[in-house]
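Atoms within each ligand, like the ligands themselves, are counted from 1 in listed order. These numbers come from the heavy atoms of this one structure, side chains and all, not from hydrogens, waters or symmetry mates.
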Amino acid sequence: MSNTVLETYPFNEEEEKKLILREYRALLRALKERIKKGDKDRIRRAFEISADAHKDMRRKSGEPYILHPLAVAKIVVEEISLGVTSVICALLHDVVEDTELTLEDMEEEFGSTVAKIIDGLTKIAIVVDGNSETSMQAENFRKILMALAEDPRVILIKLADRLHNMRTLGSMARDKQLKICSETTYIYAPLAHRLGLYEIKSELEDLALKYTQPETYITIANGLKETKRERTKYINEFIKPIKEELVKMGLKFDIYGRPKSINSIWNKIRTKHVSFEEVYDLFAIRIILDSENEKEKEDCWKVYSMITNFYRPSPDRLRDWLSVPKGNGYEALHTTVMGAGGRWVEVQIKTQRMNAIAEKGLAAHWKYKEGAPKPQESKLDAWLQQLRDVLSNHKDSDTLDFMQDFKLDLFSEEIYVYTPKGDMRVLPKGATALDFAFDIHSELGARCIGAKVNYKLVPLSHPLKSGDQIEVISSSKQKPGEDWLNLVITAKAKSRIKYYLKEQKREIAEDGKAIVERKLKHLGVPLSSANAHELAIHFKKQSPTDVYYAIAIGNIDVKELKEFKLVGDRIIAPEKIIEVKPIEISEDETLKKPAKGAELVIFGESSDKILYKLANCCQPIPGDDVFGFITAGEGLKIHRSDCPNAARLLSHYGHRVVKTKWAKNKEISFLSGVRITGLDDVGVIKKITNIISDSLNMNMRSISIDTQDGLFEGTIMVYVHDREEFDHLCNQLSALEGINTVERIETSEM
Ligand code: MN
C-alpha cells in the first residue's frame, strides 16, 4: 500500500509537493522495464494534466487529490501488471468527469485508444452516484460488462480505482461506506474473481467486511493475530520434511504458509456454523515450483505424490486444475492432507507461471499492442466473447432480468463437458442439455429436441455433470416455447430463448395487425400510430404489438372496434371500458364428448375453461406435454407435443396454437397403449396381468401377445388417469424379469 491516509492532513505546500513527486517517481520505477522510448514524455504529460486538473481538489481524507490517480496507476502496474497505456488512463481516469477537459482533448493529446478507455471509465463513474437500489446496481453492472466486452483494460483500471477507494474508505461518511461496500461485494469482487485476480478479490472482500461488519472483522483479525505464533510453528514443522525432500528431488521452489482471507474464514464460520478454532483449513501452504514449461505438470504431480508419502490426503479434496484449468484461467493442484495433531492442511502446488496468472489474472499475460487489445487465446477470451454475444442480444431487454441471468453465470461453479468429437465446453454447474445446445450454437439450441448424454437419450431438461459427452439431437421443425426458460440456467440460452419468443410473438402479431388494418379500412380510417396507441390504451396493453397479438390469438374481439368513435381519421375509444372476454371457441355441445367436465386449463390472458377435443392421432392423457390447436370446424384440439403431426402443425400454423396445461383430475380415465417385448416365458403374461389388475388396480381393455423365436411382442390397452400413472405402469413392467422394452404406442397404430 503506497498511500497512507492521515486523520488530519498537514497542509504544507512544500511537503505536499515533495510527497506527490515521490509517488510519481515510485510509479515510474515500478514501470521501469516496460517504458519504451517516448513513453516517459506521455506519462509525464498525463501526470501534469491530471495534477493540474485536480490541483484545487482534496480527497475526503484531506490529502491532495492527485495522490489518488497516482496510487491507482501504481496498482495497475504492480498488482495487475498492465503497461504504459493503462498507466496513462489510470492517471487521467477522473479528469473528464471532474473537470472542464473533454474526451476530445484526451484524444488529441493521447490518441483514440486512451480516449476510448477513459470514456469507458467515465461512463461507469456516472452511474455510481445515486441510490444503491438494486436496479441501479444492476444498471451499473451492465455498463461495466459492456465496457469489459469492449476493452478489458477499462475494467482492470476500474478495479484498481475501486481497490484504492476501498483501502482509503475510512474517511468516508458511514452511508457512503456502506453503499461503496455493497457495490464492491455485489459487482467488483465477483468480477475480480472472474478475471482471475484472486489477491484483489480477497482484499476487496476483506475490506468490505471490515466496514460492513467491523466487529466480526476485528474478532477474526485478532484471532489470526493471536494464533499467528502457534500457526507459524505448526506450519514450519509441517513444511520441514517436505522442504528436505524437495531439495533431494533437485527442484527449485518456494514454499510458504498462507493465511486464509478474513472473509473466507467468516464465510466458513457462517455457513458451516463452526467456531473460529474449528475452521479446518485455517492452515494452507503453497509450493511454487520453478519448472521448465514442458515439465510443469510432471513436477507438480511428483510433488503431490511425495507429499502424500508424508501426510494422508483427504480423498475427496483433490482439485486438479492442471489437466483442466478453471474457466478464468486458474491452474494449480490443490489437496488437503492430515497434518500432525489431526489438523487438515490445504496444500497448493503450482509453478511460477501459474502463480503469476493466479495473482495478477490473465491480464498479466495479455499482450497489448497499441491500438487494439490482442488477448492470447484462453478460456477467459471465450468468456469475453460469450459476454459480447449476450450483451448484443440484450440491447433492449430488461436490465434486472439480464443481471439475474448473468450473475448466475458469474457465480456458479463450473462443469466440464464434451462434444461428440471430444471438444471440451465449460458450463456453469446445473446447466442442462438444452444449455449445452445453446452454448454450441443458438440455432442448434433453438432446434434442439433432446440429446444423447453418454449415448443415452435424455430430455432437454437433463442436468449435465462434469465429464458428460453430449450429442445434441435437433429437428428443423422445433421451436422454442415459453417453458424452455425453465429448462436452462445460462444467460446465453435464456437471452436467446427470450429473443426467439419475442420473434414468434411478433410474427403472430403481424396477423393481428392485418386484421385491425382491414377493420379500420372498413371504417374508413388508416392504422396510424395515433390510432394504434389509442387501441393500446383502450385495451390496456403495453404496446400496439401486444394488441395485435391479443387479437391474433383471439383474446380481443375485433368487433369491439365498432364501439370506437370516429373523429376525422382518428378513432376515439368509447367512454366505458369494455370487458376483455376470452373468445369462445365453439358452442357446439358435442365438443364436450371425449372428456366430460372439460379439465384443461388454457394459459394466456384468461384461465377460463374452454371446450376441447382430444386429437385422435396421438390420444393425449393428462400429464402429457400437450398443446391446443384451433381447428377450422371442430374448435380446440389437444395434441401431444410429441405427436407425429405436431411438427407440421406448429411450423405451418404456429399462430393457431394455444398453450395448454392439464388440470389435476382423477375421475376420468383415458385409453392408452403399451408395447412390450421380452423373452418368451410361460409365466410372463400372468406376471404382466398381475401387475396391471392386481397391484396397480387398472382397467385393461385388451392384451395380445405374439411370440417368435423365443421372444414375444405384446400390446396392452389400459385405462389410465394420467401420465404419472402411465409412467408408473411402464416402470413396473420394465422391472419384470425377462422384459426387454416397454414403450407407449400411438393410437393411430392401434
Ligand atoms: Mn477514482
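- Considering only residues two or more places apart in sequence or on other chains, S275 meets the side chain to side chain contact (heavy atoms under 4.5 Å, CB included) condition with E277, E278.
- Under the side-chain hydrogen bond (donor to acceptor under 3.5 Å, both in side chains) criterion, D320 pairs with S323, sequence neighbours left out.
- Legend: residues meeting side chain to side chain contact (heavy atoms under 4.5 Å, CB included) with R229, ordered by chain and number and at least two apart, are absent.
- Looking at E215 and Q213, their side chains never bring a donor and an acceptor atom within 3.5 Å of each other.
- Around the Mn ion (ligand 1), the protein contributes the following N, O or S atoms under 2.8 Å, ordered by chain and number: H68 NE2, H93 NE2, D94 OD2, D161 OD1.
- A donor-acceptor pair shorter than 3.5 Å can be found between the side chains of Y330 and K350.
- Side-chain atoms of D161 and H93 form a donor-acceptor pair, as typed in the model, at a separation below 3.5 Å.
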